[in-house]
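Protein chains get the first letters and strands the later ones, always in sequence-line order, with residue 1 at the start of each. This is a predicted model, so every value here is computed, not measured.
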Amino acid sequence: MPLAMPLDKLTASQKKAVFHKEGPLLVLAGPGSGKTRVITCRIAALIDSGVRPGHICAITFTNKAAEEMRHRVDIVNSAGAFISTFHSLCVRILRRYAEQAGIRPNFSIYDANDQLRCMKEVVAASGVDSVNFSPLRMLEFVSRLKNNLEDAESFKAGAMDYFSKTAAKVYCAYQQNLSKNNALDFDDLLVKTALLLRNYTDVQNELSERFRYLLIDEYQDTNHAQYRIAHLLAQAHGNICVTGDPDQSIYRWRGADIGNILAFEKDWPNAVVVKLEENFRSTPNILEKADKLIAFNTRRKAKTLISTRPVGTEVRILNADDENAEAQILGCEIQKLLLAGKDASQIAVFYRVNSMSRPLEEAFIRARIPYQVVRGVEFYSRKEIQDMLSYLKLIVNPADDIAFLRAIGTHSRGIGKTSIDRLTDFARQEGLGLFNAACQVQRLETVSAATLTRFTEFVQMIQKFQKDAAGEVAPLMDCVFAESGLAGVLKKDGDADAIDNINALINAAAEYDQQTEEPTLLDYLQSVALYSDTDAYDPDAPRVSLMTLHSAKGLEFDSVFIIGLEDGILPHERSQANPEDIEEERRLFFVGITRARDELTITYARYRVLRGQFIRSVPSLFLYEIGFGGETSQFEEDRGGQSQQPDEFSDQTELQIDGFQVNEPVIHPKFGSGRVKEFHNLGPDSIVVVQFSSGKVKSLMVKCANLARAGQ
DNA sequence: CATAGCCGCCTTTTT
DNA sequence: GGCGGCTATG
């Protein structure tokens with residue numbers, strides 16, 4: 001049996017899904033019920049029953065989930081099975097069938113920044129009112145149309161009112177701009193694939209042949225384009241297995257449609273439906289809160305979560321004066337857990353928006369709590385990384401003007417704005433991309449001979465890189481870093497951080513080279529473009545994880561903290577106008593709650609700095625819904641926004657903290673006796689570093705650690 | 001042509 | 001509060 005996990009431990013319903021033979025299968029299942037495990041086992045079971053791995057295509061929500069799944073399914077036996085995200089699948093398909101899709105295979109993938117640049121050009125050039133038709137709003141609008149598979153031309157044809165007509169013009173121009181740059185945005189990856197499958201029956205047939213078994217996890221978060229792709233792929237054989245939980249749909253704002261999973265039985269009349277109602281993850285105390293909360297949503301099929309575990313500890317709700325106090329409480333609570341021997345990798349903190357990680361990081365640094373902020377894209381958005389990548393993008397796709405502009409401007413090389421403007425004008429007149437225009441720069445009479453030489457040098461450098469671009473990526477990167485002048489500039493500025501980051505990038509590329517059968521620069525760049533926040537999450541690192549509620553999807557931890565349960569944060573203020581948006585916020589909180597195995601702690605602050613302003617905040621409606629309120633008068637007062645009575649935490653922060661002397665002998669309830677090595681007087685936050693007789697050195701928050709003076 | 005400093009803008013979640 | 005773009009100056 002090619003399985004990394006034992007099949008005999010599956011429940012009867014899980015087995016039914018795993019060993020389902022042919023035809024459509026819907027696995028409707030709550031959190032912690034083993035959905036992903038069912039998919040994983042099903043892949044293995046299919047292979048075991050004689051299906052060739054190459055005929056299997058499993059689609060996960062994130063790269064990380066795919067990676068995990070590839071490891072769980074026996075690697076040797078499943079080699080050839082395609083396990084990846086929708087977007088990666090689309091990149092593969094589009095590269096393979098580029099001609100039919102009407103693109104070139106070396107296309108760039110534009111991220112949000114590139115899209116914005118591209119859209120800004122369009123809006124500026126088309127002379128539309130840039131307030132009502134701001135680039136950001138236009139991008140949002142275009143994205144919505146694309147998610148519904150409305151292409152620019154047909155939208156233009158149907159546009160009647162002024163707004164639609166103008167937006168249609170912008171949409172068309174934006175698509176032309178992308179195409180001129182030989183670039184696709186995230187949405188295009190899906191749209192082009194869906195259209196390719198729809199318009200080319202032979203391609204559709206070939207791919208159905210290739211992928212005879214289609215499995216899709218987290219189906220509740222598919223958008224219309226993904227839905228169409230799935231149907232077009234599975235139409236011929238009907239071997240489509242999807243799993244999902246409508247209560248965990250949290251990407252409506254991005255076009256995800258719960259309707260896709262709710263209508264599965266209509267779409268596939270012979271579908272077998274398996275429901276998994278047991279929850280193997282969380283304690284009944286935690287599930288009860290989740291249950292209570294989600295019952296407030298009206299657009300759902302009611303279901304109850306049945307825990308298979310003993311009752312467990314009560315869910316705690318804590319409050320703090322402001323975001324710093326909140327962070328400090330978390331530092332304190334987490335330090336207690338760590339001191340009690342809890343593994344840091346089993347602790348996580350979730351928040352609604354990324355900016356909320358900052359106070360936590362500061363508090364954790366002070367308390368010396370090891371942590372990881374799960375924000376992978378942050379690394380790739382750094383200036384020096386983007387600079388480096390811009391050269392690589394230009395090497396692969398010289399038509400990419402955005403890459404050209406970035407690469408030529410990474411550092412001063414005697415080509416300024418004026419020269420660039422002249423080149424741009426020249427390129428436009430000749431109908432060329434900037435790189436091609438630069439290749440013919442001799443014809444450009446408006447610039448000086450010196451500038452001309454510099455342009456030529458740049459072009460020749462890129463052309464040299466292009467000659468060396470075949471094969472492994474890391475060596476090329478080394479060469480580009482050194483020869484582009486980037487290394488010299490960073491060294492001259494003494495920017496050690498930037499150099500470290502570039503080295504980290506090169507190391508990551510070396511890893512890519514090792515792990516990929518046929519590494520190419522194109523493939524590397526396209527996978528980097530699809531890199532996501534959660535890809536940076538290291539589940540085994542002995543560090544507390546900090547992440548957004550969205551990133552928490554699909555993960556689980558022993559101890560979970562969810563912070564900022566305040567009106568305007570969760571639910572977010574931008575969701576409050578629309579009841580459907582509020583329901584999504586509720587589902588988001590539901591996802592957060594149900595990540596916890598043993599312990600759940602929820603916090604809110606009475607004041608918070610928002611957009612630079614210190615404002616009074618009101619505890620979230622959701623807290624009331626999960627049953628807090630009646631029990632604590634503090635909560636009622638905070639909801640009403642009136643009294644200012646000190647609570648247990650303000651009491652605590654007013655505690656007198658004793659100073660410790662260096663070398664003073666102390667006793668800790670767990671670590672035993674030791675001597676103080678350092679004392680940092682930070683008032684209530686004071687930190688003491690102790691060398692214990694066991695040899696361990698620990699830094700502790702005085703108010704948490706329960707240190708006793710040896711003599712007492 | 002390069003750089004520094006200032007002003008004004010936006011500010012949810014992500015593939 | 002942070003970043004991008006613009007301007008003024010060297």
Touch class at under 4.0 angstrom, heavy-atom based, for Lys120(A) against every strand present: sugar-phosphate

Pairwise distance CD1(Ile258(A)) to OG(Ser249(A)) - rounded to 0.5 angstrom: 4.0 Å

Residue mapping more 5' on DNA chain B - nearest nucleotide basis, His87(A) or Arg413(A): Arg413(A)

Of Arg358(A) and Arg117(A), the one whose closest DNA chain C nucleotide lies more 5': Arg358(A)

Length of the line joining Arg137(A):CZ and dC9(B):P, which is rounded to integer Å: 17 Å

Sugar-phosphate only, base, or nothing, as touched by Ser88(A) at under 4.0 Å among non-hydrogen atoms: nothing

Any donor-acceptor N/O pair, Ser126(A) side chain to Val122(A) backbone, under 3.5 Å: yes

Separation of dT13(B) P from Phe61(A) CZ (nearest whole Å): 15 Å

Sugar-phosphate, base or nothing in reach of Phe86(A), heavy atoms under 4.0 Å: nothing

Contact under 4.0 Å: Ser532(A) side-chain N or O vs dT15(B) OP1/OP2: yes

Residues Arg606(A) and Asp322(A) bridged, charged N to O under 4.0 Å: no

d(CZ, Arg382(A); C1', dC3(C)) in whole Å: 15 Å

Among dC1(B), dT14(B), dT12(B), the one nearest Ser551(A) by side-chain distance: dT14(B)

Sugar-phosphate only, base, or nothing, as touched by Asp111(A) at under 4.0 Å among non-hydrogen atoms: nothing

Residue mapping more 5' on DNA chain B - nearest nucleotide basis, Ser412(A) or Tyr251(A): Ser412(A)

Distance under 6.0 Å and angle within 45° of ring axis: Arg587(A) vs Phe590(A): no

Touch class at under 4.0 angstrom, heavy-atom based, for Leu549(A) against every strand present: nothing

Spacing between Leu139(A) atom CG and dT12(B) atom P, to the nearest angstrom: 15 Å

Heavy atoms from other residues, nucleotides or ligands near CZ of Arg95(A) exceed 12 (cutoff 6.0 Å): yes

Spacing of Ile109(A) atom CD1 relative to dT14(B) atom C1', expressed in whole Å: 15 Å

dT12(B) phosphate, OP1 or OP2, under 4.0 Å from Ser575(A) side-chain N/O: no

Length of the NZ-C1' vector between Lys146(A) and dT15(B), whole Å: 13 Å

Other residues, nucleotides, ligands: >12 heavy atoms within 6.0 Å of Arg92(A) CZ: no

Of the listed nucleotides dT12(B), dT14(B), dT11(B), the one nearest the side chain of Leu136(A): dT11(B)

Sugar-phosphate only, base, or nothing, as touched by Asp187(A) at under 4.0 Å among non-hydrogen atoms: nothing

Touch class at under 4.0 angstrom, heavy-atom based, for Leu190(A) against every strand present: nothing

Proximal nucleotide (of dT12(B), dT14(B), dC10(B)) relative to the Arg574(A) side chain: dT12(B)

Electrostatic pair Asp217(A):Lys35(A) at N-O distance under 4.0 angstrom: no

Rounded distance in Å - CG (Leu116(A)) to C1' (dC9(B)): 13 Å

Under-4.0 Å side-chain N/O to phosphate OP1/OP2 contact, Thr85(A) with dT15(B): no

Sugar-phosphate only, base, or nothing, as touched by Thr418(A) at under 4.0 Å among non-hydrogen atoms: sugar-phosphate

Separation of dT14(B) C1' from Trp253(A) CH2 (nearest whole Å): 4 Å

Between dT13(B) and dG4(C) - P atom distance, rounded Å: 16 Å

Proximal nucleotide (of dT15(B), dT12(B), dC1(B)) relative to the Ser419(A) side chain: dC1(B)

Asn354(A) side chain near dT11(B) phosphate (N/O to OP1/OP2, under 4.0 Å): no

